[in-house]
Amino acid sequence: MKYITETNRIYVTDTAGEIIAEVTFPTKAGISTIDHTFVDKSLRGQGVAGELVKRAAEKILADGNKIAATCPYAISWFQRHSEYPVVI
């Protein structure tokens, strides 16, 4: 699976170019907030959402920003992965 990384989102497309998985994390004042995680039903149960959040967290930190989350899935993921410092 090819994860495509942009400034404030990471996503996966199918062979037709349709987005089938995505995480978004807009940044303001040095804080990137993971606000949306989507995984198509065909990919659920395969760890794709967790991989998206992990990649987002690593990019946010690599960019020198702090991590926040409002997406319910991301909040839950960070509760299980305390190695990633979340500010909000």
Side-chain angles (χ1 to χ4, degrees):
M1 185 170 311
K2 181 181 177 188
Y3 291 86
I4 302 162
T5 302
E6 294 182 346
T7 303
N8 293 310
R9 78 175 180 151
I10 299 171
Y11 64 100
V12 177
T13 60
D14 63 13
T15 56
E18 297 294 319
I19 293 174
I20 55 173
E22 175 183 50
V23 63
T24 57
F25 44 97
T27 302
K28 183 176 180 181
I31 299 173
S32 297
T33 303
I34 298 176
D35 63 355
H36 171 73
T37 304
F38 162 75
V39 176
D40 185 79
K41 65 182 177 180
S42 67
L43 296 174
R44 291 188 186 152
Q46 300 178 36
V48 175
E51 183 65 22
L52 285 169
V53 173
K54 178 181 177 187
R55 286 173 180 255
E58 290 174 355
K59 178 169 182 3
I60 291 166
L61 294 174
D63 290 347
N65 296 314
K66 294 180 180 177
I67 303 168
T70 57
C71 165
Y73 177 83
I75 291 168
S76 173
W77 190 90
F78 284 116
Q79 288 172 345
R80 296 185 314 274
H81 295 86
S82 59
E83 66 271 25
Y84 292 95
V86 179
V87 295
I88 298 172

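Just so it is clear, the model here is predicted, and its values are computed rather than measured. Numbers here simply count residues along the sequence, with the first being 1.
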Check: Is there a donor-acceptor contact under 3.5 Å from the side chain of Asp14 to the main chain of Ala16?
Finding: yes
Item checked: Minimal non-hydrogen separation, Thr37 against Tyr73, with atom names -> CG2-CD2, 4.2 Å
Notebook entry, point to check: Does a side-chain heavy-atom distance below 4.5 Å link Ile4 with Val12?
Noted result: no
Check: For Thr70 and Ile34, what are the C-alpha separation, side-chain angles and deciding distance, and is it a side chain to side chain contact (heavy atoms under 4.5 Å, CB included)?
Finding: CA-CA 6 Å; Thr70 57; Ile34 298 176; over 6 Å; no
Notebook entry, point to check: Going from CZ on Arg9 to CD on Glu22, what distance comes out if it is rounded to the nearest 0.5 angstrom?
Noted result: 5.0 Å
Sequence neighbours left out, cut at 3.5 Å: what donor-acceptor pairs do the side chains of residues 81-88 make with other protein atoms?
from	atom 1	to	atom 2	distance (Å)
His81	ND1	Trp77	O	2.9
Tyr84	OH	Glu58	OE2	2.9

Margin query: Checking side-chain polar atoms at under 3.5 Å, does Asn8 have a donor or acceptor matched by the opposite partner on Thr27?
Written below: yes
Item checked: Taking every non-hydrogen atom, the tightest pair across Lys59 and Glu6 -> CE-O, 3.1 Å
Next item on the list: Take Phe78 and Val53 through the side chain to side chain contact (heavy atoms under 4.5 Å, CB included) test and state the conclusion after the steps.
Entry: CA-CA 9 Å; Phe78 284 116; Val53 173; 3.9 Å; yes
Next item on the list: Output every pair passing salt bridge (charged side-chain N to carboxylate O under 4.0 Å, His left out) with a member in residues 27-51, not counting sequence neighbours, ordered by first then second residue.
Entry: Glu51-Arg55
Next item on the list: Could you give me the CA-CA distance, side-chain angles and deciding distance for Val48 and Phe38, then say whether side chain to side chain contact (heavy atoms under 4.5 Å, CB included) is met?
Entry: CA-CA 9 Å; Val48 175; Phe38 162 75; over 6 Å; no
Next item on the list: Of all the heavy-atom pairs spanning Ile10 and Ala56, show the shortest one and how long it is.
Entry: CD1-N, 3.5 Å
Note to self: Ile67 vs Leu61, test: side chain to side chain contact (heavy atoms under 4.5 Å, CB included). Steps then yes/no.
What the structure shows: CA-CA 7 Å; Ile67 303 168; Leu61 294 174; 3.8 Å; yes
Item checked: side-chain hydrogen bond (donor to acceptor under 3.5 Å, both in side chains) partners for Thr5, two or more places apart -> none
Check: Taking all non-hydrogen atoms of both residues, which atom of Phe25 and which atom of Thr7 are closest, and how far apart?
Finding: CE1-O, 3.5 Å
Notebook entry, point to check: Which atom pair, heavy atoms only, marks the closest approach of Leu43 to Ile20?
Noted result: CD1-CD1, 3.7 Å
Next item on the list: Would you name the heavy atoms of Ile60 and Lys66 that are closest together and state the gap between them?
Entry: CG2-O, 3.5 Å
